[in-house]
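Hydrogens, waters and symmetry mates play no part in the numbers below; they use all other heavy atoms, side chains included. Just so it is clear: chains get the letters A, B, ... in the order the sequence lines come, proteins before strands, and each one is counted from 1.
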Protein chains: 2
Amino acid sequence: MRYEKGHKEETHRKIVATAAARFRKDGIESVGVADLMAEAGLTHGGFYSHFRSKEDLVRAAMEEASCHSVNNFACRIEEGGLERWIRSYLRIAHRDHPEKGCAAAALASELARLPKTSRTVFSESLERMTTSIASHLPATLTPAGKRKTAIAIFSTLVGALQLARAVVDPAHSEEILEAGIASALDLAGISSSRQ
Amino acid sequence: MRYEKGHKEETHRKIVATAAARFRKDGIESVGVADLMAEAGLTHGGFYSHFRSKEDLVRAAMEEASCHSVNNFACRIEEGGLERWIRSYLRIAHRDHPEKGCAAAALASELARLPKTSRTVFSESLERMTTSIASHLPATLTPAGKRKTAIAIFSTLVGALQLARAVVDPAHSEEILEAGIASALDLAGISSSRQ
DNA sequence: TGTACATCAGTGAACGCGCGTTCACTGATGTAC
DNA sequence: TGTACATCAGTGAACGCGCGTTCACTGATGTAC
């Protein structure tokens with residue numbers, strides 16, 4: 001063969017990674033196949049030997065961007081625990097770099113309009129996220145209470161990050177991030193400087 | 001003139017109302033000018049005697065869809081107070097009818113990518129929303145505390161509504177709405193059945 | 001009162017452009033003999 | 001060891017289509033005389 005073994009897989013991975021970043025940065029609809037392939041160092045014709053359609057790539061990119069795969073912000077709740085993770089999620093760098101961040105916050109309103117197959121990928125990733133947050137909540141809560149609280153925390157984080165991104169005034173934007181952190185920590189049972 | 005007085009204004013209003021609904025339902029990019037004009041009972045050519053560009057219409061539609069204008073869900077916090085408003089915001093009918101609902105939840109992730117002029121319209125509407133929520137919070141909070149809490153409540157509502165719309169399983173979706181309500185009521189200092 | 005003209009909201013053909021997708025092709029390599 | 005052929009990842013021209021936008025036009029009405 002023309003290319004060394006594993007070359008195609010490598011290319012495939014590169015396209016998915018490029019798409020996962022561009023979709024989160026510019027939205028799914030705004031990013032064209034040709035544009036994406038060029039960014040991956042290829043021509044657009046080859047796209048269909050890797051994917052059956054753009055929608056097929058969207059699904060793969062959603063999987064890639066989901067919280068279970070590598071992700072600069074708010075991926076797994078590592079050591080440092082929930083507080084650190086919450087602060088990391090609503091930090092300014094995450095607000096300013098959606099392309100490396102949480103897919104839910106970057107694409108939520110577009111997500112709701114996607115075909116069911118793509119939404120299923122997202123649903124599963126949200127479920128993992130919820131379970132992960134719940135497992136870090138205080139033992140004083142019942143399992144059902146943990147789950148409910150975990151969903152509320154994630155809703156707050158997603159909402160706050162999006163509002164912080166949409167607003168024009170930087171001070172207002174930071175105020176939203178801080179309000180989100182305070183509220184999420186509160187929900188998590190972590191005492192914060194809430195007045 | 002061919003048409004009675006006020007006819008053009010009437011048409012203008014109809015286009016904006018149609019756009020405000022369709023943008024929230026299908027996203028801004030997905031909705032074409034010709035499609036929109038047809039839905040308003042007109043042909044696409046006349047569009048540019050009403051607006052300078054599609055972007056101009058987006059701004060007008062954002063204004064129309066903002067919480068200060070008439071809106072079936074979660075518009076003003078009327079009598080019935082904050083609790084009723086929160087429950088109304090996260091009710092199933094709002095989830096299922098983004099075209100009549102909150103623009104922030106319907107468009108948040110697209111909003112962040114819009115030009116500054118459109119985002120300014122949104123920012124102002126968010127500011128009004130924040131003030132309105134804050135004014136209904138218990139007097140035990142300081143003004144700064146009220147503001148922070150108001151932002152957190154709105155973040156939670158926006159995030160929860162979007163996640164509820166994105167998820168595939170109806171039971172999971174309703175669970176998200178309920179978790180959002182419980183958490184928002186909690187933040188608002190209204191005792192709820194949180195376990 | 002009757003005629004000629006100006007107005008202007010709305011029409012619909014046409015524009016250049018970029019989209020997702022298809023397909024005949026290229027050309028460096030591995031394999032068969 | 002040398003030659004002929006099969007493979008197949010990637011190329012780039014071309015497809016139909018819908019987009020936002022432009023513009024010459026229509027035709028019912030109000031106005032001027």
Side-chain angles (χ1 to χ4, degrees), chain A residues 1-62 107 110 113-118, chain B residues 1-62 107 110 113-118:
Chain A
M1 289 162 201
R2 183 143 80 115
Y3 300 94
E4 62 267 42
K5 200 161 169 265
H7 173 92
K8 194 178 185 183
E9 286 67 26
E10 179 63 27
T11 303
H12 190 95
R13 235 173 292 126
K14 193 170 189 178
I15 297 170
V16 173
T18 306
R22 285 294 306 279
F23 286 160
R24 279 176 286 179
K25 183 166 177 268
D26 300 321
I28 293 167
E29 273 191 300
S30 318
V31 179
V33 168
D35 190 14
L36 218 42
M37 291 296 278
E39 195 173 325
L42 297 157
T43 52
H44 62 278
F47 179 81
Y48 294 88
S49 68
H50 286 279
F51 305 95
R52 301 179 61 192
S53 64
K54 189 189 177 186
E55 170 53 26
D56 193 24
L57 171 64
V58 170
R59 240 173 293 132
M62 280 303 303
L107 298 170
E110 260 186 280
R113 296 174 210 120
L114 250 38
K116 207 170 181 178
T117 43
S118 302
Chain B
M1 290 162 201
R2 185 142 78 114
Y3 301 93
E4 61 268 45
K5 202 164 168 259
H7 174 93
K8 192 177 186 184
E9 287 68 26
E10 180 64 28
T11 303
H12 189 96
R13 235 173 291 126
K14 194 171 188 177
I15 297 169
V16 173
T18 307
R22 285 295 305 279
F23 286 161
R24 279 177 285 178
K25 182 167 177 269
D26 299 321
I28 294 167
E29 272 191 300
S30 317
V31 180
V33 168
D35 189 13
L36 219 42
M37 291 295 278
E39 196 173 324
L42 297 158
T43 53
H44 62 278
F47 180 82
Y48 294 88
S49 69
H50 286 279
F51 305 95
R52 301 180 62 191
S53 64
K54 187 188 177 186
E55 171 52 26
D56 194 23
L57 171 64
V58 170
R59 240 173 294 132
M62 280 303 304
L107 298 170
E110 260 187 281
R113 297 175 210 117
L114 251 38
K116 207 170 180 178
T117 43
S118 302

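Rounded to an integer number of Å, the gap from A:L36 CG to D:dG10 C1' is 16 Å. Atom pair A:H7:NE2 and D:dT7:C1' shows a separation of 14 Å (rounding to whole Å applied). For B:K8 and D:dA28, the NZ to P distance is 20 Å, given to the nearest whole Å. Per the geometry, CG belonging to B:D35 stands 17 Å off P belonging to D:dC17, to the nearest Å. One can place CZ of A:F47 at 11 Å from P of C:dT22, the figure rounded to the nearest angstrom. The interatomic distance linking B:E10 (CD) with C:dG10 (P) rounds to 10 Å, in whole Å. Rounded to whole Å, the distance from OH on B:Y48 to P on D:dC25 is 21 Å. Put simply, CD1 on A:I15 is 10 Å from C1' on D:dG10, counting in whole angstrom units.
In terms of phosphate contacts, B:T11 brings a side-chain nitrogen or oxygen within less than 4.0 Å of OP1 or OP2 of C:dG10. Taking 4.0 angstrom as the limit, A:S53 places none of its side-chain polar atoms (N or O) nearer than this to OP1 or OP2 of C:dG20. Between B:H44 and D:dG18 there is no side-chain polar atom (N or O) within less than 4.0 angstrom of OP1 or OP2.
In this structure, B:E39 contributes its side chain and B:T18 its backbone to no donor-acceptor pair below 3.5 Å. Side chain of B:E29 to main chain of A:E29: no donor-acceptor pair is present (N/O by atom type, distance under 3.5 Å, no hydrogens or angles).
Among the atoms of the strands shown, only primed sugar atoms or phosphate atoms (P, OP1, OP2) are found under 4.0 Å from some heavy atom of A:H50. Nucleic acid contact class of A:G45 (heavy atoms, under 4.0 Å, all strands): base.
With a cut-off of 3.5 Å on both pairing distances, D:dT1 has no Watson-Crick or G-U wobble partner at all. C:dA28: Watson-Crick or G-U partner is D:dT7, with both key distances under 3.5 Å. Pairing partner, D:dC23: C:dG12, with both Watson-Crick or wobble hydrogen-bond distances short of 3.5 Å. Searching all strands for a Watson-Crick or G-U wobble partner of D:dG18 with both distances below 3.5 Å returns C:dC17.
Looking at B:V33 and B:L57, their side chains never come closer than 4.5 Å, going by heavy atoms from C-beta outward.
Classification of B:R13 and B:E9 as a salt-bridged pair fails, no side-chain N sitting under 4.0 Å from a carboxylate O.
Candidate nucleotides D:dG10, C:dG12, C:dA9 were compared by shortest atom distance to the side chain of B:T43, and C:dG12 ranks first. For A:V33, counting side-chain heavy atoms from C-beta on, the closest listed nucleotide (D:dG10, C:dT21, D:dT21) is C:dT21.
For A:H12 against D:dA9, a side-chain-to-base donor-acceptor contact under 3.5 Å is absent.
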B:M62 and B:L107: side-chain contact (heavy atoms from CB on, under 4.5 Å), yes or no, with the steps? CA-CA 10 Å; B:M62 280 303 304; B:L107 298 170; 4.1 Å; yes

